[in-house]
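Right, one structure below, let's go through it.
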Amino acid sequence: MSQQQDILRDAMRRLNLTRDAFSERLGVRRRALDTWLLPADSGESRAMPEMVGKFVAEILQREAQATTGADDRPLAQRIAAEGRPHLLSVAQFDRDSLEALFQVADVMQPIARRQKVTRVLEGAVLGSLFFEASTRTRVSFGAAFCRLGGTVCDTTGFTFSSMAKGESIYDTSRVMSGYVDALVVRHPEQGSVAEFARATNIPVINAGDGPGEHPSQAILDLYTIQREFSRMGKLVDGTHVAMVGDLKYGRTVHSLIRLLSLYRGLKFTLIAPPSLEMPAYLLDLVARNGHVIEQTQSLEEGLRGADVVYATRIQKERFAGEEIEGYTPEFQIRKALVDTLCKPDTILMHPLPRDGRPGANDLSIDLNHDPRLAIFRQTDNGIPVRMALFAVLMGVEHQVARSMRDAGWRSPAHIGPDDADFDGLD
Amino acid sequence: MSQQQDILRDAMRRLNLTRDAFSERLGVRRRALDTWLLPADSGESRAMPEMVGKFVAEILQREAQATTGADDRPLAQRIAAEGRPHLLSVAQFDRDSLEALFQVADVMQPIARRQKVTRVLEGAVLGSLFFEASTRTRVSFGAAFCRLGGTVCDTTGFTFSSMAKGESIYDTSRVMSGYVDALVVRHPEQGSVAEFARATNIPVINAGDGPGEHPSQAILDLYTIQREFSRMGKLVDGTHVAMVGDLKYGRTVHSLIRLLSLYRGLKFTLIAPPSLEMPAYLLDLVARNGHVIEQTQSLEEGLRGADVVYATRIQKERFAGEEIEGYTPEFQIRKALVDTLCKPDTILMHPLPRDGRPGANDLSIDLNHDPRLAIFRQTDNGIPVRMALFAVLMGVEHQVARSMRDAGWRSPAHIGPDDADFDGLD
Amino acid sequence: MSQQQDILRDAMRRLNLTRDAFSERLGVRRRALDTWLLPADSGESRAMPEMVGKFVAEILQREAQATTGADDRPLAQRIAAEGRPHLLSVAQFDRDSLEALFQVADVMQPIARRQKVTRVLEGAVLGSLFFEASTRTRVSFGAAFCRLGGTVCDTTGFTFSSMAKGESIYDTSRVMSGYVDALVVRHPEQGSVAEFARATNIPVINAGDGPGEHPSQAILDLYTIQREFSRMGKLVDGTHVAMVGDLKYGRTVHSLIRLLSLYRGLKFTLIAPPSLEMPAYLLDLVARNGHVIEQTQSLEEGLRGADVVYATRIQKERFAGEEIEGYTPEFQIRKALVDTLCKPDTILMHPLPRDGRPGANDLSIDLNHDPRLAIFRQTDNGIPVRMALFAVLMGVEHQVARSMRDAGWRSPAHIGPDDADFDGLD
C-alpha cells in the first residue's frame, strides 16, 4: 500500500467520495487528483506533494475515530463461518468487511497483472474438489493460489471414487484436510459445501453448491463495479443496475443483489420473462434495505439509463422440459441496442460463459470491441479477488505487499488484442 | 533431528524400550521423561539436562557397536528393488530399514503439520500415473511431493491414450521417465508396476497394482501404530492386533500383516466370514515368525482385549455375483461394542474409505468423537510417510532437517474439529 | 553458454562445419577437438587453450559481419505469428531462427537432465488446454514449464464445460488468458489453435490441431537429428533421410520434411503403400528447394544407406472403413533388416507411440537394445526444446544460463537401463 495511487483510491473508497468530492474535500483541483491517480509508469503521472499525503492520512484517522464500533479483528475472524475461516456465503460480509477485502484485492493487482511475484504461500497446497465440471472457476482459483506461491492438487473430472463407495462428506473432508492447506469445493447439492466445512478447521471456499451460492463470483462482480466506477469517479451508492435474463435460477444474480443491497439508494431494473423472475424473498430484502426495484419484460425499458447492465445466460439445464414462455430472441443485448439505450459510461457485465452463437438470448459478440464491455475485466478480477480470499483466510494478507518482487518474464501490456486502452493503465 | 523430543523418541525406538523402561534405563522419573517429550511450544515442556542428552547418545553408540552387521549404506540402497530405487513391495523392508524410514518420517512431521516448509525437491517433477481412479492416494502422494518443494504432473482420469494404441509398458515408462524425476503408478494388473520399474532408473512407487500390493499404505499403517504406541508408552512387540472384514482380498491387510510379522511375539485375531478368510500362505508366514493367530467369525470374540483393531470394508467389486455368506450387519463395529470389548487405549484403524451409510458392515460413524478412532491420524500420517519415501528414494533425506524454515501462513492447531486433544501436541 | 563444449558446438553449428572440417579450420587435430567436446565431468575431458577460444570467437565475429541482413531482433519477434509471440506452425521458422532456438535448447540440457535447476519462470502459470487426450505431449509441456520454475493448471480430460454451452473460442481464450501466462492448446479442428491465438496477447503454443500441425514435435525431431549428428561429426546438409509409414496423414512427417527442406542437398526416400503417399504439394516444396526425392513401397530399397530412418505408425483412426491396400507386415522395421540395410551410425526415429504388439507394422521392439534406436533420446529432447520455446516466447532465454544452480536430489546417470552409453555423456 505504499503507492500514492493505492493510498488515494483507498481513501476515496473508505470515505465513500467521488473524485470530484474528494478533490473538493482536499482543496485541490480535480485534474491534479487525476494525474496523481495515473499509474506510476505512465508518462503523465505526477507525484503528489508530501503534504497531501499527510492530509489524507489525517482525514482517514479522524474518520476512523468517528466510526463507533470499528472492527479491528483480523478480517478472517470478521467474516468467519461458525467461528472458522471459511467462505460459504455472501451473507458473511457486511459493507466494511467487503471493502476491507477489496483493499487486499487491490494489493494483489500488480501480481495478478504479472508485474510482480510473491511467494507468501510457498509450501502450501490447495485441494481443488470439483464434483461438477467448471474449468473456468477451477483454473481461476488454482491460478490465484499459484500466484501466491502455493501449489494445487486437482481432483477434477472424477467420480470421487471413495464417495461412490459410501464415504460420508465428513470423512472425505477430514481426510483431504490432512493433505492440503485449503479446500475449494464445488458440489451439485445445496448445503453440501457447508457440510464439508463443518468437518475441518482448514479454510473451505464454496465454489458453487448447486442452486445455493457461488460467493466468490458475486464478490468479484461487485469488485469490478467498484473498480470501474473508481476509474470513472462514480460511486456504487445511488447507482442504477439492470439485471437481465434468468433471474429465478441464476445464483450469481441472487448473490450479487444481496451484496449490492449493502450499499445505499440503488435502483434495480430486473428484466426477465414471467417464468424467470427474481424470487420474492430477494425482492423483499432489497426493498427493506431502501432500494428501488422495477420489474419489466422489456429490454428497451429496463436498460435505459442503467449504469451497470448485468446480463445472464438462460441456463437451459435448469428447466428440463419446462417451456420458457415469453423469452424470445429480442432478449439479446446487441450493440445497436446498447448504443441507443445506454450511456457512454455504462458497463456491461456477465458471469460467463455467454452463448456466442447467432440468435442466442445473450450478450452479443458484436460488442467485443466496445470498451463498455467489461466482461473480461470482470474475469480478470477473479484472480486478485480469489488471491485476496486465500490470503485473508490463511492469514497472510499483511505479508503480501512487502514480499513482492518483479516478475522475470515479459508480459503483454494488454492481455487481449481488443482490450480497452484504459485497461492496461488502471 | 536437533529437537530433544526427536532424539528421545528415536532413542526409545532404536532401543525398543517403552517410556517406563527407558526412564528406568536412564535413571530418571517417568514424569520427567514425559515433560521432555512434550512439544517445545507446549507450556509444560521442559528442556532436558545436557547430561541426559550425552547419556542417551552414549547408550545409542554402544548399542550400535553391539549390533553386528549394522547396515550403513544409504537407505535407498538397503531397500532397493533389483538394484534400483523403487518401492514395489513391502518385502523390500526388514525391521531395521523400516524403522530407519520411520525416523525420516518423524523428521517430516513439522512439515506435514504445516509448521515448517522445505524446498529440497525444488525443480523436481513427479509423474503421477493412475490407470485406475484413486483420488485420495493420488492427492496424498502429490501433496507429499509438493511439501518437499517439487511439482506434480498428473495423468489421472485418462485412458492413457498411447497405450490404447498398442504402446508397451516399457515405452510408456521410459518416455515418462525422460520428463519427470519420479513416478507413482497405480494400475489394475498385478505385476504391471514392477514392469514399469524395470524400464527406468528413476524411482517408481507402486500405488496399487490390482490384487498385488499397495506398500505405502501398509507402511503408513504400521507407522501409525508405532506413533500411537509411542505416545502411550507401548511397544509393537507383543501387541494384540484384531483384523476385521474382507481378509481374503484386502491387499492392505495382507501387506500390513507381513510388516507386523517383522516384529516379535504378536497375537492376531482375524475376524472374517468363512468365504473371506486370510489366505493360508500368509497364515503360514505369520506362524513361522512365531506369532499367535486366532481365526473367528465373531466380533465379540475377536475384538476383546485388542490393542489395535484394523477394520476393512468388504470390497463388493471383488465379488461380482458371488454370495457373501455369513457376513451380516453384526459385523458393524459400533461404539457400544468398542466400549464393551476394547480398552481405553485400544486404537481403531481403517484403510478408508469406510462405508458411512446406516447398516453398513463397517466402522460406525458413531465413533467419530471417540479419541480411540485413529483413522484420520492414520491418513494424516500418509503425508510424512510418503514424504519420507520420496526423500529416501531421491537421496535428499539428510538435507531436509537443515533446510526447514517456518511456514508463513496460519494453520489450525487441530486439523479436524473432532480431533483428540493429544493430536495437536504429539 | 560459458562452457567450452557449448561454445564449440555452437560454433560448428553456426559455421555449419563437421568436426573434421572445424578442426582443420582451427588448425588443430580432430582428436584434440574431440577431448574439448567431452563433458567437463568426464575423466578424459581437456580444457581448451585460451587462444583457441579467442580464435573461435574471432571466426564467428567475421562470419557474423559477412552475413548480410543478420537479424538481431529477439527470437520471439523473429518467429512471431501475426506480430504476437505464438508458435502455431513450423512455417514461422527459417534456418537461422531454428538454429537460434536450438542454441537455447542446448542451454536447457543440464536442467532437462536434472543436473541443474532454474527458477526464471517462478510465479508464472501455464494453462494446458487439451480438447483431445494426449498424456505424453501434455506432460512434456507441463514438465518443461515446471523445470523453468513455473506451475501448471491443467484442463485435460474435460469437455470444456463452457464451450459446450455455446461459448466461442474467442471468449474461452481471452478468459483463460486473464488467469495464466501462456497457453498450450490441443484441439481436434485444424485452424482452431490459431483462432485461440488471435484472441490473446499471451503466448499460445499449438500442441496439435487435428490434421493441421504439431510444430514442437517436428522441431524436437530436427533438434534430435542435429544433436545425434553433432555427436558423430555429421552435418544435416547432404544427409539421407528415409521416412516410413503413413506419409499421407501423418502431420509429424509433413512438418518435419518442411523443416528439413530449409537445409541443403538432402536425399529423401519415402516408403509408403500407394494409398498413404506423401501429398504432392509437399513433394513439390521439397523438390523446389533442390532436394532429391525417391518414392518406393519397398523397405529394402528405401532404407538402404539412410542416415536417418523416421518411422511412423499407421494411424488407423484416420481411415474409418477405408482399406489399407498393400500395407503388409513386411513394413515392420526389425533389427535383422536394420543390420542388413543400415549403417553403424544410422539413427532410428519415431514420433511415438509405436505399436509394440507382435506383427505390428511399426518399429520393432527387438531394437530396444540397439544404440541406433534414438526414439527415447528423441522424447527426452522434447523437454529442452519445449523449455526453449517457453523461454523464447516469454522473453527469459537470456536469464536461464546465469540463473542455474545444482539440483539437490540424486538423478540416475542414464534414465533408462537400456540407454546407450554415450547418452549420459552427450
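By convention in this document, chain letters (A, B, ...) are assigned in the order of the sequence lines, proteins followed by strands, and residues within each chain are numbered from 1.
Side chains of Ser128(A) and Arg138(A): a donor-acceptor N/O pair is absent below 3.5 angstrom, by distance only. Judged purely by distance below 3.5 Å, without hydrogens or angles, the side chains of Ser97(C) and Arg78(C) never pair a donor atom with an acceptor atom.
Minimum interatomic distance between Ala407(A) and Arg114(A) (heavy atoms only, all atoms of both residues): CB-O, 3.2 Å. Scanning all heavy atoms of the two residues, the minimum distance from Ile415(A) to Arg174(C) falls at CG2-NH1, 3.5 Å.
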- So Glu213(C) and Ser89(C), side-chain hydrogen bond (donor to acceptor under 3.5 Å, both in side chains) or not? Walk me through it. CA-CA 6 Å; Glu213(C) 289 207 45; Ser89(C) 164; 2.5 Å; yes

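Of the residues considered (Asp181(C), Val120(C), Val396(C)), Asp181(C) shows the highest number of contacts with chain A, using heavy-atom pairs under 4.5 Å. Ranking Ile202(C), Val175(C), Val152(C) against chain A, the residue ahead of the rest is Val175(C), based on heavy-atom pairs under 4.5 Å. Comparing Val117(A), Asn368(A), Ile111(A) by how many heavy-atom pairs each has under 4.5 Å with chain C, the most go to Asn368(A). By number of non-hydrogen pairs under 4.5 angstrom with chain C, the leading residue of Gly149(A), Gly356(A), Ala112(A), Ser140(A) is Ser140(A). When the candidates Asp171(C), Thr151(C), Val125(C) are compared by the number of heavy-atom contacts under 4.5 Å with chain A, Asp171(C) comes out ahead.
For chain C, no part of Asp362(A) is nearby; none of its heavy atoms comes within less than 4.5 Å. Ser177(C) touches chain A through backbone and side chain together, each having a heavy atom under 4.5 Å away. The contact between Val180(C) and chain A is made by backbone and side chain atoms together, counting heavy-atom distances below 4.5 Å. Heavy-atom distances place the side chain of Leu352(A), and not its backbone, under 4.5 Å from chain C. Within the 4.5 angstrom heavy-atom criterion, atoms from both the backbone and the side chain of Ala124(C) approach chain A. Interface residue Arg198(C): only backbone heavy atoms are found under 4.5 Å from chain A.
Other residues, nucleotides and ligands place no more than 12 heavy atoms under 6.0 Å from the CD1 atom of Ile365(A).
Of the listed residues (Ile383(A), Leu148(A), Asn381(A), Thr118(A)), just one forms a side chain to side chain contact (heavy atoms under 4.5 Å, CB included) with Met108(A), and that residue is Leu148(A).
Taking the centre of each ring, Phe196(C) and Phe131(C) come in below the 6.0 Å mark.
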